[in-house]
Amino acid sequence: MSTYGIDLGTTYSCIARLDSNGNPEVIRNNEDDSNTVASVVFFENENNVVVGQAAKENVETDGERVVQFVKREIGKRDTRTYEFDGKTYTPVEISALILTRLKNLVEAQGGTIEDVVITVPAYFGLEERSATKQAGELAGLHVLSLINEPTAAALSYCARQFQEDRTILVYDLGGGTFDVTVVKMSMTQNESGRDVQKITVLATGGDDRLGGKDWDDRLYNHILHACCDENGLTPEEIEAETRQDIRSKVEEAKRKLSKKQSAKVRIDVNGSRTEIVIKRSDFEQMTSDIVAKTMNFVDATLEKVPDAAIDTVLLVGGSTYMPMIINAVEEKFPGKVQQHDPDQAVAKGAAIYASMLVEEVGTSSAQGEENSGGEVHHAEQLTSKFTVEDQTPRSFGPGVVDTKGAKHKYVLENFIKIGEKMPAVFSKTYYPLEDNQERVLLRAFENMSTDDTLIPCVDEDGNPQATDPAHNVKLLGELVVNLPPKTSRDTPIKVTFKVDASGVHVEAVNTKTDEKFETFLRTESDIDVERSAVHQLRISSD
Ligand code: ADP
Ligand code: MG
């Protein structure tokens with residue numbers, strides 16, 4: 001089968017597919033003897049770029065040649081780039097290197113990889129989503145779709161525990177991010193009248209700077225001070241090599257403490273070997289405030305959906321292996337907690353979703369294989385049991401001119417509002433601002449507001465204006481709509497926005513000539529047309 005699901009994580013990434021029985025399975029990373037690949041890239045020299053655990057091991061010694069946590073940068077405006085050996089890398093290109101490593105895992109085991117679904121955090125906006133998709137394409141993958149991480153985790157869980165209507169809280173504590181999502185699973189019927197399970201995201205929350213790394217940092221400080229006590233030194237007297245030695249052993253010690261009551265680490269303290277024993281109870285005590293912090297985010301997210309009664313709490317993310325997390329969540333939701341494949345659930349859910357999409361389309365090579373093999377009947381049964389209903393992560397609409405009233409108002413009309421069912425489509429007809437206008441520069445915005453219109457949004461030249469920062473208005477790109485000579489100001493121009501999990505599609509049709517425009521330009525430098533107030537659309541025909 002050549003259809004795969006990919007969890008492109010902040011600290012660890014994972015790739016999965018459905019096996020010949022239709023059950024999701026992760027492709028092992030034999031080199032690191034792990035189910036996951038560390039999302040860390042080490043630029044050793046111009047001929048060698050290393051991804052995974054080996055790269056991670058260079059964080060302390062060659063930190064300036066290592067890139068990690070790149071997911072935090074992807075799709076951000078004015079994002080930083082990285083330079084190594086005379087080459088410049090964008091976050092998209094670094095992410096593509098991680099995806100290539102995952103692709104190589106499949107190929108090294110004799111598999112072929114064509115269609116993929118990549119997961120993204122539910123709070124990712126459009127730019128982060130399209131940058132993720134771009135990274136996939138750069139890695140030579142055909143990205144069928146993106147899917148929200150908690151939706152994928154819920155899909156993977158429900159594939160095993162098929163149940164009727166449930167409200168699930170997904171508690172995803174990874175290496176550097178904490179995401180809380182409330183999803184609803186409900187039974188519904190598809191077009192062919194078959195019962196299917198629908199998954200809807202009801203609320204999201206969390207913190208993109210909270211994760212396993214915070215536990216690592218506490219443990220690092222604890223071990224550092226223990227080394228000082230053992231050797232009669234002050235922290236300032238501890239040499240850099242010793243600090244590096246501690247740093248490189250912290251994560252392993254933390255993982256040991258998930259299994260055992262105590263962990264031993266041997267550190268070379270300024271040349272003298274020192275053994276430190278950490279008790280799980282001490283580790284839990286020194287990090288109890290971080291556990292409490294995650295629970296506060298759970299409460300804050302639940303406040304957004306006061307009517308939701310949580311049936312199940314799904315623990316995902318590698319950090320939920322820590323017993324202190326399981327206990328804290330269990331205390332708040334007694335009898336409702338399910339630990340479900342913490343580091344694999346997201347990738348497995350993506351693999352299930354990828355197969356669902358391929359079955360729907362029915363054209364992929366994977367489909368052919370299934371039909372000819374005849375063995376994977378079960379896979380079809382499994383995937384045809386679900387539909388995924390994601391919601392728009394932002395509101396979207398064009399910047400237009402309201403000409404009613406004494407003074408022109410430049411507004412953003414929200415076509416599609418945050419939380420709407422995807423795919424979402426909305427069309428509205430506008431008109432050129434003036435007679436004989438040569439063209440329109442149609443600007444598409446995303447924002448966090450649920451209002452129908454935002455004022456002011458753009459200035460007279462159509463550039464984004466300062467609005468309430470809480471609305472987070474971002475110019476996504478522009479569409480140049482050329483108008484034939486002598487176009488009257490009453491010519492209807494129909495503008496359509498379509499939003500799905502992979503991005504926004506904008507098109508404009510001159511309904512007099514039926515000419516359609518859909519080349520959406522994302523950066524200002526792509527547009528070599530002079531900006532002016534004349535290049536606008538107005539709201540109604542007056
Ligand atoms: P991501 O943040 O990329 O989504 P994961 O969900 O795989 O990644 O979580 C990675 C985090 O989980 C890291 O901080 C890692 O140290 C931690 N982790 C993995 N396994 C364990 C374990 N057995 N005990 C404690 N922490 C773990
Ligand atoms: Mg994750």
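Numbering starts at 1 and runs along the sequence shown. For ligands, and for the atoms within them, numbers begin at 1 and follow the listed sequence.
For atom 24 (N) of ligand 1, the nearest protein heavy atom (residue, atom name, distance) is S258 OG, 2.6 Å. Of all protein heavy atoms, the one lying nearest to atom 20 (N) of ligand 1 is R255 NH1, 3.2 Å. Counting only heavy atoms of the protein, atom 7 (O) of ligand 1 lies nearest to Y12 CB, 3.6 Å. Of the protein's heavy atoms, E251 OE2, 3.3 Å lies nearest to atom 15 (C) of ligand 1. Closest to atom 26 (N) of ligand 1 among all protein heavy atoms lies K254 CE, 3.5 Å. Here the heavy atom of the protein found nearest to atom 8 (O) of ligand 1 is T11 OG1, 3.2 Å. At the shortest separation from atom 2 (O) of ligand 1 among protein heavy atoms lies G175 N, 2.6 Å. If you check which protein heavy atom lies closest to atom 27 (C) of ligand 1, you get G318 O, 3.2 Å.
Within the structure, the closest approach of G211 to ligand 1 does not fall below 4.0 Å when heavy atoms are considered. For T36, the heavy-atom gap to ligand 1 stays at 4.0 angstrom or more.
Between the side chains of S156 and D341, no donor-acceptor pair of N or O atoms lies under 3.5 Å. Checking T119 against Y353 by side-chain atom types alone, no donor-acceptor pair falls below 3.5 Å. Side chains of N29 and R101: a donor-acceptor N/O pair is present below 3.5 angstrom, by distance only. Side-chain polar atoms of N35 and R28 form a donor-acceptor pair below 3.5 angstrom. With 3.5 Å as the limit, one finds no donor-acceptor pair spanning the side chains of S449 and S395.
Shown in contact with M322 at under 4.0 Å from a heavy atom are these atoms of ligand 1, numbered in order with element: 25 (C). Near G9, meaning under 4.0 Å from one of its heavy atoms, ligand 1 places the atoms 3 (O). Within ligand 1, the atoms closer than 4.0 Å to a non-hydrogen atom of G317 are 6 (O), numbered from 1 in the order shown. In the vicinity of G212, heavy-atom distances shorter than 4.0 Å reach the ligand 1 atoms 14 (O).
In summary, the aromatic rings of Y89 and F43 are positioned with their centroids under 6.0 Å apart.
Among the atoms of T10, some N or O lies under 3.5 angstrom from an N or O of ligand 1. Taking only nitrogen or oxygen atoms, main chain and side chain alike, S319 reaches within less than 3.5 Å of ligand 1.
Using a 4.5 Å heavy-atom cutoff, the side chains of V329 and M295 are in contact.
Ion pairing between a basic and an acidic side chain is recognised when a charged N comes within 4.0 Å of a carboxylate O; R247 and D217 show such pairing. Electrostatic pairing of R218 and D289 counts as a salt bridge here, judged by a charged N lying under 4.0 Å from a carboxylate O. Under a 4.0 Å N-O distance rule, the pair E127/K76 does not qualify as a salt bridge.
If you check each of S34, S13, G174 against atom 4 (O) of ligand 1, the one with the closest non-hydrogen atom is G174.
None of K249, E230, R243 except one satisfies the side chain to side chain contact (heavy atoms under 4.5 Å, CB included) rule with I267; the exception is K249.
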